[in-house]
Engineer: 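This is the structure I have questions about; it appears just below.
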Amino acid sequence: MARILITSALPYINGIKHLGNLVGSQLPADLYARYCRARGHEVMFICATDEHGTPAELAAAKTGQPVAEYCAEMHGVQAELARGFGLSFDHFGRSSSRRNHALTQHFAARLAAAGLIEEVAEKQVYSHADGRFLPDRYIEGTCPNCGHDRARGDQCEECTKQLDPTDLINPRSAISGSTDLEVRETKHLFLRQSTLRDTLDRWIDSQRGWPVLTTSIAKKWLHDGDGLQDRGITRDLDWGVPVQYDGAPWQGMDGKVFYVWFDAPIEYIAATAEWADAHGLDDSAWQRWWREDMGAEDVRYVQFMGKDNVPFHTLSFPATLIGSDEPWKLVDYIKSFNYLNYDGGQFSTSLGRGVFMDQALSILPADYWRWWLLSHAPENNDSEFTWENFQASVNKDLADVLGNLVSRVTKFCRSKFSELVPEGGTLGPREDQLLADLTTRLRAYEQHMEAMDVRKSASELRALWVLGNEYLQEAAPWSAFKTDPEQAAAQIRLALNLIRFYAVISQPFIPDAAARTMAAMQSDDWSWPDDVATALNTLPAGHAFTVPEVLFAKITDDQRTAWEAQFSGQR
RNA sequence: GGGCCUGUAGCUCAAUUGGUUAGAGCAGAGCGCUCAUAACGCUUUGGUUGGGGGUUCGAGUCCCUCCGGGCCUACCA
């Protein structure tokens, strides 16, 4: 039994996430967490909402709520949706928690003590009308290069030229439209991560088997141009972790907060502390996951994230942990994902294009989404959601191959025998062959799951389901029943056990259907089938079961067409 | 501009890292079965691996070049 720490990239607080966000981090992390638990490992699966930053403040302002209230509400919404999708977090925390405030300030102090914090005076654009400093992208104006009149302060989207806000002609606030802007000097803290470049480089080199996507992004940032740049880790905002606090090793930072990308990863640790608090445990309970001097030396730590998050997890966060000069647990494996597109374009929150988590659950059960998203996870490339593909995959895989198998076996048994596992008969070479095939494929499935090869795991699982249909076709208990009912009884007894077996191994992908199946088999034996023959003897003759409701209703053409229209944009 | 990823059957993807005749699922065609959600099984059609050139006994895989798609480029998170 191993101890496995799993974190999913934190979903940002400003709204409901779409399916692309879900499949890029939380969902595959959940798959892995469920699998590890099923194998008997001790798992700590952590996620949280990322609540700080300008977008959160603006989103709150839009609703007219105080930002703290807005975040609390949205956290509740996201937590509910996570439950709806069956995301089995041990704790779903908040980066605005007291724990994160304390830890973020702790790390900042440690980094300062190690000489890794530098005060830098910068010039930034201040908007009088908005009463705030504006991040570059929140300043709009005319591009000096191509004349596009909606160029942003960081880059012109029309000609892709990178800009400085002061380059813009007729700059204005993207928030209010105000042109009453002023360049002001403001003091910020920088993390001197450039001094850790070689350390980080060696650390990344020492990792084996990380996805190319992960290492290539990290290497780019380490070696591109002048190499790894120092980063500002504070901002002129109200909502966040205060930079000036009791015991802070600097002065004059009042009214500033730490930048989200400094405090968000620290929330992985803080959320584990929140978990301990929520369970009435003391600090040692979370420290044994995070401190190598307090029991975390045998922990394997795996992170899941979309590719946009890679630089922060390969460089900034490790720099924070290493720079603290305390024995914090570093990540062992970073599983990163490409993007999921929607029907020929990108998901768009602003245009309401694509399917969002709340909408998804309102039209179909979570398992449908989980199965499609995971079996099409964008591991090697960006992938694409189309309704046609969704309908075809879900109907074939879930309804026909798995759902119908459960249906045909249980109904056959009910009509020819009873709602009890039938007794009598013996198993023969055909059954031995099935056990051998199941074992081979199950071992392959386990290997893919352990390697976090999501798509391959899905296709192997599906192949395991297919073995059941192949066996039934060959054994043909409906024929055997006419001449040798005992033979049919033995076959169906095996098939009923196979259904429970499928519930166990499918649970990481489709937990709801697995639970319903297990309930129908009137069992609660979720133990992993280390030995297939033993697993297929779990339900003895005479054991009662029920015929479950249709496990997966098919998606009709009418539904597909309607949804296609409904989600095409303009939410 | 620079960097990275990518292009394989109508569609979605594999191919043990250079090794026999490029494989699966879906869709299509044919046959079988009748327990089942018109479900299942078997067989089968379908490929100049984006184009061109090169290295090699051997290239989907390595190199060059051209074409297409995507991402990143540090103040969105």
Side-chain angles (χ1 to χ4, degrees), chain A residues 9-14 21 50-56 58 122 124-125 133-139 152-155 160-162 164-165 188 193 211-213 215-217 219-221 223-225 228-232 235 259-261 264 306-312 315-316 338-339 341 346 375-376 378-384 386 388-389 391-393 395-416 455-456 458-459 462-463 466 468-481 488 491-492 495 547 549-554:
Chain A
L10 308 187
Y12 197 65
I13 194 72
N14 70 340
N21 299 128
D50 177 10
E51 304 192 358
H52 297 140
T54 308
L58 296 179
E122 290 189 308
Q124 293 208 342
V125 174
F133 282 93
L134 297 177
D136 292 356
R137 69 167 347 199
Y138 285 100
I139 303 159
R152 296 192 324 210
D154 54 347
Q155 183 175 40
T160 75
K161 184 176 174 61
Q162 285 184 59
D164 197 77
H188 281 296
Q193 52 185 12
V212 176
L213 187 64
T215 49
S216 66
I217 292 174
K219 286 289 181 180
K220 168 76 193 287
W221 281 52
H223 299 297
D224 192 43
L228 187 60
Q229 303 294 298
D230 293 342
R231 270 186 94 87
R235 291 292 184 272
Y259 178 41
V260 278
W261 267 113
K307 58 185 165 187
D308 49 339
N309 276 331
V310 168
F312 305 101
L315 304 169
S316 309
N338 286 285
Y339 291 144
N341 290 318
Q346 296 194 334
S375 61
H376 294 78
E379 288 178 298
N380 300 320
N381 236 322
D382 289 354
S383 66
E384 176 164 314
T386 64
E388 202 179 340
N389 185 302
Q391 179 195 25
S393 298
N395 285 355
K396 191 70 191 173
D397 299 348
L398 296 182
D400 295 345
V401 176
L402 178 62
N404 181 59
L405 176 73
V406 172
S407 196
R408 66 195 294 208
V409 170
T410 53
K411 286 183 178 172
F412 179 82
C413 187
R414 182 173 63 183
S415 75
K416 303 297 191 213
R455 299 176 86 124
K456 287 182 181 175
S459 77
R462 191 196 126 98
V466 167
N469 282 314
E470 287 173 354
Y471 168 73
L472 275 188
Q473 184 65 31
E474 223 192 290
W478 48 89
S479 300
F481 185 78
Q491 291 164 345
I492 286 301
V547 174
E549 290 298 301
V550 164
L551 224 41
F552 297 101
K554 291 200 192 190

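Each chain gets a letter, A, B and so on, in the order the sequences are listed, and its residues count up from 1.
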Engineer: Would you measure the distance from the C1' atom in rG47(B) across to the matching atom in rU55(B) and give it in whole Å?
Structural biologist: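 Taking atom C1' in both rG47(B) and rU55(B), they lie 25 Å apart.
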Engineer: C1' atom, rA59(B) versus rU21(B): distance in rounded Å?
Structural biologist: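 My reading of the C1' atoms in rA59(B) and rU21(B) gives 16 Å.
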Engineer: Using the criterion of both pairing distances under 3.5 Å for Watson-Crick and G-U wobble pairs, give all stems of 3 or more consecutive pairs involving RNA chain B.
Structural biologist: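 Stem list for RNA chain B: B:1-7 with B:67-73, B:10-13 with B:23-26, B:28-32 with B:40-44, B:50-54 with B:62-66.
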Engineer: Could you say whether His376(A) or Phe552(A) is positioned toward the 5' end of RNA chain B, judged by the nucleotide with the nearest heavy atom to each?
Structural biologist: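 Result of the comparison: His376(A).
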Engineer: OP1, OP2 of rA15(B) versus side-chain N and O of Lys456(A): anything below 4.0 Å?
Structural biologist: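 Indeed, a polar side-chain atom of Lys456(A) lies that close.
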Engineer: Under 4.0 Å between a side-chain N or O of Lys554(A) and OP1 or OP2 of rA39(B)?
Structural biologist: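 For rA39(B), OP1 or OP2 has a side-chain N or O of Lys554(A) closer than 4.0 Å.
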Engineer: Using nucleotides 31-33 of chain B, report all nitrogen or oxygen pairs with the protein that are shorter than 3.5 Å.
Structural biologist:
{"residue": "rG32(B)", "atom": "N2", "partner": "Gln473(A)", "partner atom": "NE2", "Å": "3.1"}
{"residue": "rC33(B)", "atom": "O2'", "partner": "Trp478(A)", "partner atom": "NE1", "Å": "3.4"}

Engineer: Would you call the rings of Trp261(A) and Phe312(A) parallel, tilted or perpendicular, taking 30° and 60° as the class edges?
Structural biologist: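 Taking Phe312(A) first and then Trp261(A), their aromatic rings lie parallel (interplane angle under 30°).
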Engineer: Taking rG7(B) as the reference, what is the distance to rU43(B) when you measure between their P atoms (whole Å, please)?
Structural biologist: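 About 30 Å, rounded to a whole number of Å.
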Engineer: Between rA39(B) and rA77(B), how far is it from one P atom to the other, in whole Å?
Structural biologist: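 Their P atoms lie roughly 49 Å apart.
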Engineer: Got a second to check how far Asn404(A)'s CG is from Asn395(A)'s CG, nearest 0.5 Å?
Structural biologist: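 It is 12.0 Å, given to the nearest 0.5 Å.
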Engineer: Output yes when at least one side-chain N/O atom of Lys396(A) is less than 4.0 Å from OP1 or OP2 of rC11(B), else no.
Structural biologist: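 Negative; the distance criterion is not met.
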Engineer: Take atom CD of Glu388(A) as the centre, draw a 6.0 Å sphere, and report whether it contains more than 12 heavy atoms from other residues, nucleotides or ligands.
Structural biologist: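 No, the 6.0 Å shell around CD holds no more than 12 heavy atoms from other groups.
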Engineer: Pull out every protein N or O sitting under 3.5 Å from an N or O of nucleotides 75-77 of chain B, one pair per line with the distance.
Structural biologist:
{"residue": "rC75(B)", "atom": "OP2", "partner": "Arg231(A)", "partner atom": "NH2", "Å": "3.3"}
{"residue": "rC75(B)", "atom": "O2'", "partner": "Asp136(A)", "partner atom": "OD2", "Å": "2.8"}
{"residue": "rC75(B)", "atom": "O2", "partner": "Asp136(A)", "partner atom": "N", "Å": "3.2"}
{"residue": "rC75(B)", "atom": "N3", "partner": "Gln124(A)", "partner atom": "NE2", "Å": "3.0"}
{"residue": "rC75(B)", "atom": "N4", "partner": "Glu122(A)", "partner atom": "OE1", "Å": "3.1"}
{"residue": "rC75(B)", "atom": "N4", "partner": "Gln124(A)", "partner atom": "NE2", "Å": "2.1"}
{"residue": "rC76(B)", "atom": "OP2", "partner": "Asp154(A)", "partner atom": "OD2", "Å": "2.9"}
{"residue": "rC76(B)", "atom": "O4'", "partner": "Arg137(A)", "partner atom": "NE", "Å": "2.9"}
{"residue": "rC76(B)", "atom": "O4'", "partner": "Arg137(A)", "partner atom": "NH1", "Å": "2.9"}
{"residue": "rA77(B)", "atom": "OP2", "partner": "Tyr259(A)", "partner atom": "OH", "Å": "2.8"}
{"residue": "rA77(B)", "atom": "O3'", "partner": "Asp50(A)", "partner atom": "OD2", "Å": "2.6"}

Engineer: What integer number of Å spans the P atoms of rC66(B) and rG1(B)?
Structural biologist: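 Between the two P atoms, the distance is 12 Å.
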Engineer: NA contact type, Val406(A), heavy-atom cut-off 4.0 Å: base, sugar-phosphate, or nothing?
Structural biologist: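 If one applies the 4.0 Å heavy-atom cut-off, Val406(A) turns out to touch nothing in the nucleic acid.
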Engineer: Take atom C1' in rG30(B) and the same atom in rG46(B), then report the distance between them in whole Å.
Structural biologist: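 Here rG30(B) and rG46(B) have their C1' atoms 15 Å from each other.
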